There are 2 protein chains.
Amino acid sequence: MDKKIRVGIVGYGNLGKGVELALRENKDFVLKGIFTRRDPSLIDTDSKVIPLSKVLDYKDEIDVMFLCGGSANDLPQQCPILAACFNTIDAYDNHSKIPDYFNMVDDIAKDSNKVSLISIGWDPGLFSLNRLLNQAIFPNRQSYTFWGEGVSQGHSEAVRKIKGVKYAVQYTIPLEEAMEKVRSGNNPQLTSREKHKRVCYVVPLDFNDTNRIEEEIKTMPDYFAEYDTTVHFITEEEFLKNHSKMPHGGFVISTDINKNNHKQRIEFNLSLENNPEFTAAVLVAFARGVYRMSLEGKKGAFSIFDIPLSYISPKSNEELRKELL
Amino acid sequence: MDKKIRVGIVGYGNLGKGVELALRENKDFVLKGIFTRRDPSLIDTDSKVIPLSKVLDYKDEIDVMFLCGGSANDLPQQCPILAACFNTIDAYDNHSKIPDYFNMVDDIAKDSNKVSLISIGWDPGLFSLNRLLNQAIFPNRQSYTFWGEGVSQGHSEAVRKIKGVKYAVQYTIPLEEAMEKVRSGNNPQLTSREKHKRVCYVVPLDFNDTNRIEEEIKTMPDYFAEYDTTVHFITEEEFLKNHSKMPHGGFVISTDINKNNHKQRIEFNLSLENNPEFTAAVLVAFARGVYRMSLEGKKGAFSIFDIPLSYISPKSNEELRKELL
């Protein structure tokens, strides 16, 4: 495509910074501005920073808007407003609320004749695509998702909310034994405890408090009670040195044993030193798809299941068939 | 979808048998017939077998035709004739000729208002999709494909054509050292010899002839000369016992090291005890997409890059978003 795709970023946290970074690797985009609720003069970047309150002034200058706010509070508020004026892409990841979020955005984007691609990234996102492939190819087998080894922001946050915790991080670790069962084609029924374990590194305000904190973590329903959890108490110095990165990854696996007794395995895995930067790289690729769908006159909300993958490549269909098929 | 998808199979070799097997696992299809150039009475199956010469009589009874002939001779002859009357899907895998094949089929299917989905399977197919994803997400990194451990039909055939060879099989084996270099993010330049080795098991007509046969194999240009090749001479008994299966698989890997020095790896891999049966399972899933595109009034040739993956699932978009996103 000759014309560059003009984009904006709403929200300049880890994900927004990741999108800014990824855009530098993709020459077919031009970043028109970063929109923030904060004072723009406090944002440390070479990109143009604009108060979010002015965003509607840019509606004719931006082809696709990256919505980089959080799924809990930001996206449900911002997406309806922005989808009324812009094509949008986001990484909405509150799995159980995706259908409601999709329907809400779909109504707005259909009215505004815009395209909103929701829940793009790796899970939801690439992992979802692989779950679909697994189920379509092996219809009578389960598709299994394992996460980690990596930092779960939700679980880390849950630990940080416990009284007496200064810093905390939680690593989700997939259990090799369970993965091997899946790879072997047993199609096993696995409990939460059998699939993953959880390891926490906690800096307490007072080291005399560790027994209570550990007990509160291990018995926390939904987050930890259903898992084998290990808690390590460490110093602030060790925490800042060894536990301030955001690695993640995981596996999507399905194994069939067909009626001829042949075992066939499909596996997709990611190993990421920085989770939000990878999500951002996926968002940038799929933003091409948003732009292309909008040029075709499509409107409404879409998910990763709805978009031909040729749309996310800067190459022409002829080049793709010649070079990659 | 309430109505079953009515399908036919053209060609009853390994791939056609695999499609018949996979259809039994997918309740939304009904197999109307297997079309063969052979005498139908000689085909051992419970399905209806019909002479290929009668295929055009079935043009109103079949929604999608699986073309299961070989890429070298069958498909270039059959697809033009069949795409003039049927929606088709095939596993055309002659990589260098795909663009010409696509264009030829595209002209015919556009004239006949039919959909022809070409080159579906795992390579070309799922591996192609992953190469596209890798390049779109990591635009300045290479995507690497490794094949094996598995049987290459082309290389086995090349050995079988050597004078004095009774039976032969060739295993392609990816080299772990090269895969580790790719996973480490070095973005290495790898020669053919560094990526794969080749191992042949050969039953000679005369064991006095092994030196000549081994020399002919190892010096064969394109097929073996560029690789480290090992040749084992074995008895017919051992060959039939241990080397008559068709395993295959491989890896598509891309590793980025971004400007923040974070290493991020995407990997897709397959481990298949029976290569044609897996290709067939992929064909059956994507035949849903052919049917759905045809209902939408699409026409012409398409590749795996052109089809939203929701189209290959029997589930509705609402179910997909709720269960898999």
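Note that the coordinates shown come from a computational prediction; the quantities given were computed from them, not determined experimentally. In the text below, chain A, chain B and the rest are named by the order of the sequence lines, each starting its count at 1.
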Next on the checklist: Would you compute the distance between atom CD of Gln264(B) and atom CG of Asn275(A) and round it to the nearest 0.5 angstrom?
Outcome noted: 8.5 Å
Next on the checklist: Given heavy-atom pairs under 4.5 angstrom as the criterion, report whether the side chain, backbone, both or neither of Phe278(B) touches chain A.
Outcome noted: both
Next on the checklist: Quick check on the interface: out of Lys245(A), Glu318(A), Glu277(A), who has the most heavy-atom pairs with chain B under 4.5 Å?
Outcome noted: Glu277(A)
Checklist entry - Run the side chain to side chain contact (heavy atoms under 4.5 Å, CB included) check on Val282(B) and Leu133(A) step by step: do they pass? => result CA-CA 9 Å; Val282(B) 178; Leu133(A) 276 170; over 6 Å; no
Checklist entry - Quick one: what part of Asp306(A) sits under 4.5 Å from any heavy atom of chain B, side chain, backbone, both or neither? => result both
Checklist entry - Would you find a donor on one side and an acceptor on the other, under 3.5 Å apart, between the side chain of Glu273(B) and the backbone of His262(A)? => result no
Item to check | Side chain / backbone / both / neither for Leu126(A) at chain B, heavy atoms under 4.5 Å | outcome: side chain
Item to check | Part of Asp256(A) within contact of chain B (heavy atom distance under 4.5 Å) | outcome: neither
Item to check | Contact check, side chains of Ile266(B) and Trp122(A), non-hydrogen atoms, under 4.5 Å | outcome: no
Checklist entry - Is any side-chain heavy atom of Asn260(B) less than 4.5 Å from a side-chain heavy atom of Leu21(A)? => result yes
Next on the checklist: I'd like to know which of Ala136(A), Ser96(A), Pro99(A) tops the heavy-atom pair count under 4.5 Å against chain B.
Outcome noted: Ala136(A)
Next on the checklist: Show, in sequence, the C-alpha distance, side-chain angles and deciding distance for Asn269(A) and Asn269(B), and conclude whether the side chain to side chain contact (heavy atoms under 4.5 Å, CB included) test is met.
Outcome noted: CA-CA 9 Å; Asn269(A) 68 68; Asn269(B) 67 69; 4.0 Å; yes
Item to check | Portion of Lys315(B) that has a non-hydrogen atom of chain A nearer than 4.5 angstrom | outcome: side chain
Next on the checklist: For Asn274(A), which atoms come within 4.5 Å of any heavy atom of chain B: side chain, backbone, both, or neither?
Outcome noted: both
Checklist entry - Is the backbone N or O of Ser271(A) less than 3.5 Å from a side-chain atom of Arg265(B), with the two atoms forming a donor-acceptor pair by type? => result no
Item to check | chain B contact via Ile137(A) - which portion, at a heavy-atom distance below 4.5 Å | outcome: both
Checklist entry - Hey, does Phe305(B) have a side-chain heavy atom less than 4.5 Å from the side chain of Leu324(A)? => result yes
Item to check | Side chain, backbone, both or neither of Gln135(B) within contact of chain A (heavy atoms, under 4.5 Å) | outcome: side chain
Next on the checklist: For Gln189(A), I'd like to know if atom CD has over 12 heavy atoms of other residues, nucleotides or ligands within 6.0 Å.
Outcome noted: no
Checklist entry - Can you tell me how far the CZ atom of Arg321(B) sits from the CG atom of Asp100(A), to the nearest 0.5 Å? => result 11.0 Å
Checklist entry - What distance separates Asn130(B) CG from Leu129(A) CG, expressed to the nearest 0.5 Å? => result 9.5 Å
Checklist outcome for this item: Per-residue tally against chain A (heavy atom, under 4.5 Å) across Pro124(B), Pro247(B), Ser119(B), Gly125(B) peaks at Pro124(B)
Next on the checklist: For Leu309(B) and Ile304(A): C-alpha separation, side-chain torsions, deciding distance, then whether side chain to side chain contact (heavy atoms under 4.5 Å, CB included) applies.
Outcome noted: CA-CA 8 Å; Leu309(B) 290 184; Ile304(A) 197 165; over 6 Å; no
Next on the checklist: Checking the side chain of Glu25(B) only, and the main-chain atoms of Phe138(A) only, is there a donor and an acceptor separated by less than 3.5 Å?
Outcome noted: no
Next on the checklist: Check this for me: Lys322(B), atom NZ, are more than 12 non-hydrogen atoms of other residues, nucleotides or ligands nearer than 6.0 Å?
Outcome noted: no
Checklist entry - To the nearest 0.5 Å, what is the distance between CG (Leu325(A)) and CD1 (Ile120(B))? => result 7.5 Å
Item to check | Contact origin within Val284(A) toward chain B - heavy atom pairs under 4.5 Å | outcome: neither
Next on the checklist: Just so I understand: if I count every heavy-atom pair under 4.5 Å between each of Ile118(B), Asn261(B), Asn26(B) and chain A, which residue has the most?
Outcome noted: Asn26(B)
Next on the checklist: Given heavy-atom pairs under 4.5 angstrom as the criterion, report whether the side chain, backbone, both or neither of Asp93(B) touches chain A.
Outcome noted: neither
Next on the checklist: Donor-acceptor check, side chain of Glu267(A) to backbone of Leu270(B), threshold 3.5 angstrom: yes or no?
Outcome noted: no
